[in-house]
Amino acid sequence: MTDVTGVPVDVLRTLFHSDQGGHERVVICQDRASGLKAVIALHSTALGPALGGTRFYPYASEEEAVADALNLSRGMSYKNAMAGLDHGGGKAVIIGDPALVKTEELLLAYGRFVASLGGRYVTACDVGTYVADMDVVARECRWTTGRSPENGGAGDSSVLTAFGVFQGMRASAQHLWGDPTLRGRKVGVAGVGKVGHHLVQHLLSDGAEVVVTDVREESVRRITDLHPEVSVAADTDALIRTEGLDIYAPCALGGALNDETVPVLTAKVVCGAANNQLAHPGVEKDLADRSVLYAPDYVVNAGGVIQVADELNGFDFDRCKAKATKIFDTTLAIFARAKADGIPPAAAADRIAEQRMADARRP
């Protein structure tokens, strides 16, 4: 069913009645010549231009794509606020299988849509998009980050994303066990792609015992070929039930923590790179009730956005790494606030982020 514009009614219902409402602007993009179908969602520009990546994914429906853009952009507002960046939150999704429909013409058309926002949205890489893609988008849009060094960019942001998650794990270990090291701890990493394989390197260097899983056999093989000591779980369901697991790191798509997975977690800490790990409100309380320490995803995975934000001012890796190192202190501060307020860490992080955005809106 569609309205008079031809837009599916379910999409409009998602836009205007979503629980993730309050967005400043949502742009539906279509370029028939290239086949581009995309959604750009700006949640907040209270702290500055909205910053967030472009996800290229074969959504089952337009409504699912809109919902993902709304949810992801809202998460970026909180992530950027907690990272101390002068940016609001935005996100874009391109509908389609990138292996089948991604073309230079499509990316250029997408760049023109981003450029039409006049700098209110700054884009970057996300699932399904890469540095080479941002180089193409940048030919039509100067508000593009995550470009290659040859084209004035910082390159792959997954390096600092993984480093930030590692800092969040160190903070979790400090809070729970009194020592900021993963030495001797068993860590399960679900998803060893762009970010996960860097995280595994940090964990092994720190002396952790690592168990991995991934839907892509080649990703697992890349890890085990380099590090035969790494164990492999058959799938995520097997990983989260692994006996003696200390930390679970979801590093693939969102929704990893839900009504089915939380009750069977063996880990005492959840700290990973995936966005939107909590499948629905209330999961954070379920984790707390089971005495599972949750390091809020948008706090610990902010290393990448710290990197791409720095690109706008002339990229300096050492400066970015120093900022990403502070994720350790920020995570500890969230745990302290949670304890003081008697609330889960996810709620404590939200309060801190919301306060920063509210302060920015005041005249």
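Just so you know, residue 1 is the first one in the sequence shown, and it goes up from there.
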**Student:** Quick one: side chain to side chain donor-acceptor pair (under 3.5 Å) partners of K285, sequence neighbours excluded?
**Tutor:**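 For K285, the residues satisfying side chain to side chain donor-acceptor pair (under 3.5 Å) (neighbours in sequence not counted) are D289.
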**Student:** Applying side-chain hydrogen bond (donor to acceptor under 3.5 Å, both in side chains) to T123 and T54, what does each step give before you reach the verdict?
**Tutor:** CA-CA 6 Å; T123 195; T54 298; 2.5 Å; yes
**Student:** With a 4.5 Å heavy-atom cut-off, do V283 and Y294 have their side chains touching?
**Tutor:**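 Side-chain contact under 4.5 Å: no.
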**Student:** Might you point out which heavy atoms bring Q307 and G155 nearest each other, and give the distance in Å?
**Tutor:**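 Nearest pair, atom of Q307 first, then G155: NE2-O, 3.5 Å.
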**Student:** According to side chain to side chain donor-acceptor pair (under 3.5 Å), who are the partners of R183, at least two apart in sequence or on a separate chain?
**Tutor:** none
**Student:** Provide the full list of salt bridge (charged side-chain N to carboxylate O under 4.0 Å, His left out) pairs with a residue in residues 30-46, sequence neighbours left out, each pair given once.
**Tutor:** none
**Student:** Considering only residues two or more places apart or on different chains, which pairs with a residue in residues 112-135 satisfy ring pair (Phe, Tyr, Trp, His ring centres under 6.0 Å)?
**Tutor:** none
**Student:** Could I get the full list of side chain to side chain donor-acceptor pair (under 3.5 Å) partners for K194, not counting sequence neighbours?
**Tutor:** none
**Student:** Where is the tightest heavy-atom contact between A353 and M82, given as atom of each residue plus distance?
**Tutor:** N-SD, 3.7 Å
**Student:** How close do G303 and A324 get, counting heavy atoms only, and between which atoms?
**Tutor:**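 Where G303 meets A324 most closely, the heavy atoms are CA-CB, 4.4 Å.
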**Student:** Any side-chain to backbone donor/acceptor pair from D359 onto R356? Under 3.5 Å, distance only.
**Tutor:** no
**Student:** Which residue pairs satisfy the salt bridge (charged side-chain N to carboxylate O under 4.0 Å, His left out) criterion with at least one member in residues 116-129, sequence neighbours excluded?
**Tutor:** E24-R120, R55-D126, K91-D126
**Student:** Looking at side-chain heavy atoms only, is the closest gap between I95 and P58 below 4.5 Å?
**Tutor:**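 I95 vs P58: side chains apart.
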**Student:** Hey, does the side chain of S77 reach the backbone of G89 with a donor-acceptor pair shorter than 3.5 angstrom?
**Tutor:** yes
**Student:** Could you list all the salt bridge (charged side-chain N to carboxylate O under 4.0 Å, His left out) pairs where at least one residue sits in residues 130-143, not counting sequence neighbours?
**Tutor:** K102-D133, E104-R139, R112-E140
**Student:** Counting only N and O atoms by type, is there a donor-acceptor contact under 3.5 Å from the side chain of D297 to the main-chain atoms of N276?
**Tutor:**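 Indeed, once roles are kept as given, a pair shorter than 3.5 Å links the two residues.
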**Student:** Under the salt bridge (charged side-chain N to carboxylate O under 4.0 Å, His left out) definition, can you give me all pairs with a residue in residues 220-234, not counting sequence neighbours?
**Tutor:** E217-R221
**Student:** Verify, without hydrogens or angle tests, whether T242 (side chain) and A238 (backbone) share a donor-acceptor contact under 3.5 angstrom.
**Tutor:**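 Flag set: sc T242 to bb A238 pair under 3.5 Å.
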**Student:** Would you mind writing out the side-chain donor-acceptor pairs for residues 161-180 within the sub-3.5 Å range, not counting sequence neighbours?
**Tutor:**
residue: T161; atom: OG1; partner: S157; partner atom: O; Å: 3.0
residue: T161; atom: OG1; partner: G304; partner atom: N; Å: 3.1
residue: Q167; atom: OE1; partner: R170; partner atom: NH1; Å: 2.8
residue: R170; atom: NE; partner: P180; partner atom: O; Å: 3.3
residue: S172; atom: OG; partner: G168; partner atom: O; Å: 2.9

**Student:** Please name all residues satisfying side-chain contact (heavy atoms from CB on, under 4.5 Å) with V211, sequence neighbours left out, ordered by chain then number.
**Tutor:** K186, S231, A233, L239
**Student:** Would you say the side-chain atoms of T103 pair up with the backbone N or O of L106, donor to acceptor, closer than 3.5 Å?
**Tutor:**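 Pair found, side chain donor or acceptor close to backbone of L106.
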**Student:** So, does D206 use its side chain to make a donor-acceptor pair with the main chain of L182 at under 3.5 Å?
**Tutor:**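 The answer is yes, because a donor-acceptor pair under 3.5 Å joins these two groups.
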**Student:** List for me each residue that meets side chain to side chain donor-acceptor pair (under 3.5 Å) alongside D310, sequence neighbours excluded, and say none if there are none.
**Tutor:** R319
**Student:** So, do S44 and M357 sit near enough that their side-chain heavy atoms are less than 4.5 Å apart?
**Tutor:** yes
**Student:** Would you call E209 and R185 a salt bridge, using N to O less than 4.0 angstrom?
**Tutor:**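 R185 and E209: not salt-bridged.
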**Student:** Strictly distance-based, threshold 3.5 Å: is any side-chain N or O of H197 a donor or acceptor partner for the main-chain N or O of G193?
**Tutor:** yes
**Student:** Enumerate the side-chain hydrogen bond (donor to acceptor under 3.5 Å, both in side chains) contacts for residues 327-353, please, sequence neighbours excluded, ordered by first and then second residue.
**Tutor:** Y298-D350, R337-D341, D341-R351
